[in-house]
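Below: the structure, in structure tokens.
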Amino acid sequence: MPFRFLFPTRRHKRIAAGVRIRAFAFTAVSSYPQPAEKRRITLWPLVAATYFMASGGPYGLEETVGSAGYLGAIVLILLTPLIWSMPTGLMIAELSSAIPAEGGYYVWVRRALGPFWGFQEAWLSLASSIFDLAIYPTLFVAYLARLIPGADHGWHGIAIGIGLITACLIWNLAGGKAVGDGSLLMLLVMSGPFVALIFCAAWHWQGGAHVGVAPLHRSGLIAGLLVCMWNYMGYDNAATVSGEVKNPQRTYPLAILLTMGLVAIDYSAPVIAMSGTGITAQQWTTGSWATLGGIVGGHWLTVAIVVGGMVSSFGQFNALLMSYSRLPLAMAHDRLLPPVFTRVQERTGAPWVAIIACAVLYGACLGLGFDRLITLDVLLWGASLVLEFLALIVLRVDEPQLPRPFRVPGGLLGAVLVGVPPTALLVLAGLHSGKERMAGISVWLFGTLVMLTGIVAYGICSRLPVHRPPIRD
């Protein structure tokens, strides 16, 4: 053997690294048993699960119309995907197809920026999920109370919320494919009332006389933009189950693009249809879809939209529980959480300890009475999104040979520029949040404290005992 091969040159190291990267990139990267091929998530169930992670239907858009008027809301609904969702979707499509690892964005950031920032990525995502997921059982109960008066009073609301969480826990234990297939069914059920609403609104069409009635004030547009940003965020959550998706290199880019188109149509079509019914923008308030549906379609449509709201709340909690439960699993494999979180069911691949732990955490928050603090949720999740865009750039520079079945167009410059519009919107959201308060302090300070707590948590978790091999059940 030539002497020089005993001491590899930089060129030899790059070649060897390229071989390792290729082996890494085209497998579902996980160190625990994967579900059988027939139990993997396919395209349309993944689209449906991603839909509930990022949207859950037009519910929640009412404030956009109330703040910005019909014209402003329609512009925001159609423009926000282009400057917020599309760049995010392109980034997710590249990274999820190149590194289809269980844990998704946590793995991307850890690989690009190191374990500290990988931990912060997971910390920010899990922290924002507490403010997000704890509200869905409450929303479910609120919708149910419109059909069964008193369902939200006293202990009844807590009991029903616990029942919903328990049902989602059991559903998740059946594996990612079961959640994806169920999401597809719930998507069809939830969409039905809004299809009926569009037809009823068209029957009452008056020529769009109220489209431009509401003045487009700057504060109203920004408030409406924040609501749109909240309603269009969460596409990266689908990446955490990459190890359970069939042919992830092809499936993920296609699923992300299909979901973004579906959500944009799902949001814009009902608002456009309602803009010509004579109902003013001032009548749009939080939770008013059912009332507005009753105006154009009668009591039966009110009931249908309320039932759709219950399905939406259930579907969102179910899909997001699947997504967030994969973070403790991946972190435990990296010695940042106790080894018990590596326990999975060998047949389905479901990380049952992590699923139960997340469900208990969200259940414990039911009695805290969190309001939907959109700005705080956007800020925490947005900080994690910035780390994902940084990971995209760093991996382009450090690992140029990494096989990427899908690439953000434009080379390295394109990878840099694609993160500019979402980051600019996050800065705008941060500036707008200056006067909002939570727990007696500003949202900015509260969010900063949450982020600083992540640094302390990393110091504790990084000193956990040496990790043991995965435990198979």
Side-chain angles (χ1 to χ4, degrees), residues 27-46 48-50 52-53 96 99-107 122 125-126 129 133 162-186 237-248 251-252 255 314-364 464-465 467-473:
T27 58
V29 184
S30 296
S31 54
Y32 69 88
Q34 294 298 299
E37 190 72 11
K38 65 179 181 180
R39 298 192 65 84
R40 290 181 179 269
I41 305 172
T42 52
L43 176 62
W44 285 108
L46 181 61
T50 306
F52 280 109
M53 293 175 192
S96 60
I99 311 174
E102 199 82 345
Y105 44 78
Y106 159 74
V107 177
S125 299
L126 288 171
S129 76
L133 265 72
I162 292 175
L164 179 145
I165 293 174
T166 302
C168 291
L169 186 157
I170 295 172
W171 202 322
N172 269 263
L173 291 178
K177 177 173 172 55
V179 175
D181 292 345
S183 296
L184 184 57
L185 176 61
M186 285 186 279
N237 286 322
T240 61
V241 293
S242 297
E244 300 166 61
V245 173
K246 186 176 182 179
N247 191 11
T251 303
Y252 264 104
F314 186 97
Q316 289 179 87
F317 189 95
N318 200 41
L320 287 169
L321 178 60
M322 174 181 69
S323 171
Y324 288 118
S325 64
R326 271 56 178 180
L327 291 178
L329 170 68
M331 295 169 72
H333 278 284
D334 289 334
R335 306 178 186 178
L336 293 175
L337 284 179
V340 68
F341 287 101
T342 62
R343 287 182 174 269
V344 300
Q345 293 179 330
E346 189 167 359
R347 186 175 64 89
T348 66
W352 64 271
V353 174
I355 290 171
I356 293 174
C358 287
V360 170
L361 173 64
Y362 301 135
L464 288 173
H467 179 67
R468 297 191 301 270
I471 302 171
R472 302 190 180 195
D473 298 309

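In this text, all values refer to a predicted model and were calculated from it rather than measured experimentally. Here, residue 1 is the first one in the sequence, and each next residue gets the next number.
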Nearest-0.5 Å distance that lies between atom [atom1] in [X] and atom [atom2] in [Y]:
| X | Y | atom1 | atom2 | result |
| --- | --- | --- | --- | --- |
| L337 | R335 | CG | CZ | 14.0 Å |
| C358 | L327 | SG | CG | 7.5 Å |
| Q345 | I355 | CD | CD1 | 7.5 Å |
| E244 | T348 | CD | OG1 | 8.0 Å |
| M322 | I41 | CE | CD1 | 5.0 Å |
| F314 | L164 | CZ | CG | 5.5 Å |

Contact summary for [X] and [Y], nearest pair of heavy atoms:
| X | Y | result |
| --- | --- | --- |
| P45 | D181 | CG-OD1, 3.3 Å |
| Y252 | S96 | CB-OG, 3.3 Å |
| A359 | L169 | CB-CD1, 3.5 Å |
| M186 | W171 | CE-CH2, 4.1 Å |
| A319 | M53 | O-CE, 3.5 Å |
| F341 | L329 | O-CD1, 3.5 Å |

By side chain to side chain contact (heavy atoms under 4.5 Å, CB included) - contacts of [X] (at least two apart):
| X | answer |
| --- | --- |
| A48 | S183, L184, L187 |
| A255 | L43, L46, V47 |
| I170 | T166 |

Q) What residues, two or more places apart in sequence or in another chain, satisfy ring pair (Phe, Tyr, Trp, His ring centres under 6.0 Å) together with F317? A) none
Using modelled atom types only, decide if a donor and an acceptor are shared between the side chain of [X] and the backbone of [Y] within a distance under 3.5 Å.
| X | Y | value |
| --- | --- | --- |
| R40 | G243 | yes |
| T240 | S323 | yes |
| N172 | N318 | yes |
| Y106 | R326 | no |
| T251 | K246 | yes |

Could you list the residues that satisfy side chain to side chain donor-acceptor pair (under 3.5 Å) with [X], not counting sequence neighbours?
| X | value |
| --- | --- |
| S129 | Y362 |
| S125 | none |
| S325 | none |

